[in-house]
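Notes to accompany the following structure.
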Protein chains: 2
Amino acid sequence: MMSKKPTSDGMEILDRMIGDDTEVREMYEQAKVNVHVAQLIYDARTEAGLSQTALARMIGTTQSVISRLEDADYEGHSLSMLSRVAQALDREVKIDLVPIVPSLEDASFPSPSV
Amino acid sequence: MMSKKPTSDGMEILDRMIGDDTEVREMYEQAKVNVHVAQLIYDARTEAGLSQTALARMIGTTQSVISRLEDADYEGHSLSMLSRVAQALDREVKIDLVPIVPSLEDASFPSPSV
DNA sequence: AATACTTATCGCAATATTGATATAATAGTT
DNA sequence: AACTATTATATCAATATTGCGATAAGTATT
């Protein structure tokens, strides 16, 4: 089961690097989304059995663009590009802004060990 | 219960206008996402009890920018902007590319009336 | 109706993303 | 090793988004 893009474990690394620092939170959340989207595109493409070049042609762009989209460090993700990719791969873009529950870890009792 | 942005029922209207035409599909899906995101931002802001000006200041921009984001016709949504808004409103950006099941409505039996 | 508050819209400069080509690097095959 | 296919990176012009001020328009309150 190899679903992760082999060159990047960005999510996990990031998650462990940052605590509750309000200062870095902004950049962190941003980076988290970027890494996630890059992974989404990579997964969708590989599951469809397509090369970057093949996908690029389907949405009317070039291979380097797709490679850039799948780069975990890429910060320029747009919803229009995500839509184009999704449609070519017969997928639907689902987006939501889910409320963050104020503090589950601040409770005085230890969190249940699943 | 008034959660919809009063000036726009874009989603419903769009849904009824388009059938299976592969030609228009591209623009349609794009527009659908745009309308949805605009609504997400509007909902999140109003539920937080903030004015456009107030939210704008929280994320370091101006009121006209927020108004533009909430415009159903706006096509320039970026994930970075969505992240900024989400964070200011204590929300998390959730994104997914869900596979579209080929044809549930093409079945020879009528769809169950819920 | 005047005031205060909120939102919509326009225009334009600043900035960022995209498109595209070329090239390097990696992997797999024969 | 040579060949092929795939992916990563760099650069730059073209395009699109953002920032921002000004202003119009809509709501509510007094």
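Source: prediction; values computed, not measured. Residue numbers begin at 1 in each chain, while the letters A, B, ... track the order of the sequences.
A side-chain contact (heavy atoms from CB on, under 4.5 Å) with A/V93 is found for one member of A/L82, A/V85, A/L40 and no other, namely A/L82.
Taking atom CG of A/D71 as the reference point, atom C1' of D/dA10 lies 13 Å away to the nearest angstrom. What separates CD of A/Q30 from C1' of C/dA16 is a distance of 13 Å, to the nearest Å. Whole-Å rounding puts the A/I66 CD1 to C/dT17 P distance at 16 Å. Between the P atom of D/dT7 and the CG atom of A/L50 lies a distance of 10 Å, rounded to the nearest Å. Here C/dC5 presents its C1' atom at 17 Å from CG of B/L55, a figure rounded to the nearest Å. Here the C1' atom of nucleotide C/dT17 and the CG atom of B/L79 are 13 Å apart, to the nearest Å. Rounded to an integer number of Å, the gap from NE2 of A/H77 to P of C/dT17 is 10 Å. A/E70 has its CD atom 8 Å from the P atom of D/dT7, to the nearest Å.
A donor-acceptor pair shorter than 3.5 Å can be found between the side chains of A/Q39 and A/D43. Between the side chains of B/T53 and B/S51, no donor-acceptor pair is found at a separation under 3.5 Å. Side-chain contact, A/Q87 with B/E29: no donor N or O sits under 3.5 Å from an acceptor N or O.
Here A/R45 pairs with A/E70 under the salt bridge (Lys or Arg N to Asp or Glu O under 4.0 Å) rule; sequence neighbours left out.
Across the interface with DNA chain C, nearest-nucleotide mapping of B/Q52 and B/S80 shows B/Q52 to be the residue nearer the 5′ end. Comparing A/R45 and B/G76 along DNA chain D, the residue whose closest nucleotide (by nearest heavy atom) sits nearer the 5' end is A/R45.
The shortest non-hydrogen separation linking A/G60 to A/R84 is O-NH2, 3.9 Å.
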Under 4.0 Å protein heavy-atom contacts per nucleotide of nucleotides 19-27 of chain C, with B for base, S for backbone only and - for none: BBB------
